[in-house]
Amino acid sequence: MALDALDLDRLKRAIALASKSAFAVEPNPPVGCVLDREGARVGEGWHVAWGGPHAEVQALASAGDAARGATAYVSLEPCSRRGKTGPCTEALIAAGVRRVVYASSDPTEAGAGAARLAAAGVAVEGPGLPGEGDELLRRWLAASARPRPWTVLKWAMSADGRIGPALGEGGTITGLGARAFAHGARAHVDAVAVGVRTVASDDPLLTSRLAGALPDGRSQPLRVVFDSAMRTLLDRRLVATAREVPVLLLAAREDAERRRDLERGGVEVAVHPGTGGRVDLARALADLHQRGIRRLLVEGGGILHGSFVRAGLADQAMVFVAPLVLGGRGAPSAVEDSGIQRLADAARLEEVRWRRLGEDLLLQGYFPPRPDPSEEGLSVSARSGARS
Ligand SMILES: NC(=O)c1ccc[n+]([C@@H]2O[C@H](COP(=O)([O-])OP(=O)(O)OC[C@H]3O[C@@H](n4cnc5c(N)ncnc54)[C@H](OP(=O)(O)O)[C@@H]3O)[C@@H](O)[C@H]2O)c1
C-alpha cells in the first residue's frame, strides 16, 4: 500500500483527534476521523462520550453533503458491528465515502470492518500507520480482555482532602459547574455504584438530572448499592424510585426477610460473599459485566473506593477539588484503608489532566495497570471488547 504525504498527514490528524476521547469512552477505544475531499478537510470528529456517536459518525455529521466522494481517514479500522450505536461501516457507505484509510487494525474486528467496506465498493487501505496509535489503544486492548466493567472512581473533596464533614450530613462540596459535569458523567456510564453508608448519610438518587445531562434516548444508569448485610433502609430515595430507575443491591450474605422487603420495593438483590464479611468485588464486577454493564462509575464513599484500590480494580479517577477546608479528625477521606502504607507504594495516576470548572478543579487520570486475574486464559477472539 502506498500512502502519500497527504494521507499520512490526515492519519496523524485522526490520531490526534482520537486522543481527545481520553477519560470519556473507555472501555471503547479512542478514535478520531478526518474527511478530506481534494485536499481540503471537510469534516472531523472523535468519539466524544461513551454511548454517543462514534468518530466517523461525528465527522460525517460535520461534513454534511461534502462527505460524498470524500476520503475518510480513521485512527482505527471502522467497526462493522452494532453496539450502542450503528456500525460505522454502514454510516460511511450510506454517506457515499469513496475511500477509507485507517491507521491501526482492530483485532476484535478480525478484518470484518475493512471487508464490509470493500464489499460495498469503497477503496480501503490500512493499517497505514501501525504502531503510531498503539499507546492510545493500549488501555482499550487491556480492558477489552477483562470480563468486568471499566471502573471510574469519582469523588468531590475539599482542599484538605475530605469528602464530607465530620458530622456526616449530606450536601454538596463543589459548585454548579462541577455538579453539571458529574451529572453528565452519569449519563455516559451503564451503572453508578455507592456503599451503603453513603446511602444512609446522603440519601442519593444517583440519576443524571441536571438539565440536558441525559441525551435523548439514553436511559438512566443502573443504580448499584454495595450493602453487605442488606441494611439499606426502605425509606431511602433509591428504594422509593426503584420501579422507575432500576436498583441492584449487592450483598455479602443472605437475609430472606430483608431481601423480601427490598424486592417488594422493586430492588433486585444479588449475593456475592467475600472476605471480611463484605461483598466480593471481583464477583460483583463479573455479575455486572454479565448484565451488560461495560462502564461503571463508583461514587464513594471512601471505604468502597479503598476496596477497589486495594483489589486493583480501579481503572480511572475523576476527582473534583473544591476551594474549602473541612478539617476535623472524623471527616471522611476519599480512599480509606487502601492497603497503601508507604509513599513508594502510592497509586500514582497516569496521563493526568486538570481542568477548571468554575471555582473547582477536575483532576482525571488512569490508575496504574495491575495484573487482573479475570484476564487469564482469554484469547483475543474471546475478548468482550467489541466496541459499544
Ligand atoms: N464528596 C463525595 O464525593 C462523597 C461521595 C460519597 C460519599 N461521601 C461521604 O462519604 C461518607 C460515607 O462513606 P464511607 O466511606 O463511610 O462508606 P461507603 O463507602 O459509602 O460505604 C461502605 C460500606 O459499604 C459496604 N460494602 C459492601 N461491600 C463492600 C466492599 N467490598 N468494600 C467496601 N465496602 C463494602 C460495607 O458495609 P458493611 O459495613 O455493612 O460491611 C461498608 O461499610 C459520608 O460522609 C458521605 O457523605 C462523599
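Read the numbers this way: they start at 1 and go in the same order the structure lists the ligands and their atoms. For this chain, numbers begin at 1 and follow the sequence in order.
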Numbered atoms and elements of ligand 1 in range of I173, under 4.0 angstrom, heavy atoms: 1 (N)
Could you tell me whether D360 and R179 have a side-chain N and a carboxylate O separated by less than 4.0 Å? no
Considering both backbone and side-chain atoms of K154, is one of its nitrogen or oxygen atoms within less than 3.5 Å of a nitrogen or oxygen in ligand 1? no
Is the shortest distance from a Lys or Arg side-chain nitrogen in D315 or R146 to a carboxylate oxygen in the other one below 4.0 Å? yes
Decide whether the shortest distance between a heavy atom of R231 and an atom of ligand 1 is less than 4.0 Å. yes
Counting only heavy atoms, which portion of L281 has something under 4.0 Å from ligand 1: side chain, backbone, both, or neither? side chain
Polar atom proximity, G277 to ligand 1 (N or O, under 3.5 Å): no
Proximal ligand 1 atoms for P332, defined as those under 4.0 Å from one of its heavy atoms: 45 (O)
So is E299 polar-close to ligand 1, meaning N/O to N/O under 3.5 Å? no
Do other residues, nucleotides or ligands put more than 12 heavy atoms under 6.0 Å from Q290 CD? no
Could you see if L248 belongs to whatever hydrophobic cluster contains V199? Use Ile, Leu, Val, Met, Phe, Trp, Tyr and a side-chain cutoff under 4.5 Å. no
W155 neighbourhood, listing ligand 1 atoms whose heavy-atom distance to it stays under 4.0 Å: 3 (O)
A quick test of your reading: do over 12 heavy atoms of other residues, nucleotides or ligands sit less than 6.0 Å from CG of D65? no
Any chance CD of E254 has more than 12 other-residue heavy atoms, nucleotides or ligands included, within less than 6.0 Å? yes
Between ligand 1 and G274, can you find any atom pair, the residue atom being a heavy atom, that is separated by under 4.0 Å? no
Where ligand 1 meets G195 - atom numbers and elements under 4.0 angstrom, heavy-atom basis: 18 (P), 20 (O), 21 (O), 24 (O)
Is there a heavy atom in G302 that sits closer than 4.0 Å to ligand 1? yes
Count the heavy atoms belonging to other residues, nucleotides or ligands that lie under 6.0 Å from CH2 of W46, then report whether that count exceeds 12. no
Between D7 and R99, does at least one N-O distance fall below 4.0 Å, as a salt bridge requires? yes
Any nitrogen or oxygen of S307, main chain or side chain, under 3.5 Å from a nitrogen or oxygen of ligand 1? yes
Atoms of ligand 1 under 4.0 Å from any heavy atom of D202, numbered from 1 in the order shown, are 7 (C), 8 (N), 46 (C), 47 (O)
Where ligand 1 meets S201 - atom numbers and elements under 4.0 angstrom, heavy-atom basis: 44 (C), 46 (C), 47 (O)
Looking at R82, I want to see if its CZ is surrounded by more than 12 non-hydrogen atoms of other residues, nucleotides or ligands under 6.0 Å. no
Atoms in ligand 1 flagged as close to A156, the criterion being non-hydrogen separation under 4.0 Å: 1 (N), 2 (C), 3 (O)
Give a yes/no on ligand 1: does V194 have at least one heavy atom closer than 4.0 angstrom to it? no
Would you check whether E336 has a nitrogen or oxygen atom less than 3.5 angstrom from a nitrogen or oxygen atom of ligand 1? no
Flag for R223-T241: side-chain donor and acceptor within less than 3.5 Å: yes
Does NZ in K12 sit with more than 12 non-hydrogen atoms of other residues, nucleotides or ligands closer than 6.0 Å? no
Candidate with minimal heavy-atom separation from atom 29 (C) of ligand 1, of R253, R278, H272: R278
Taking distance alone, with N or O pairs closer than 3.5 Å, would you say G164 contacts ligand 1? no
Note: R291-E268 ion pair, threshold 4.0 Å (strictly below): yes
Contact check: A229 vs ligand 1, nitrogen or oxygen atoms, below 3.5 angstrom: no
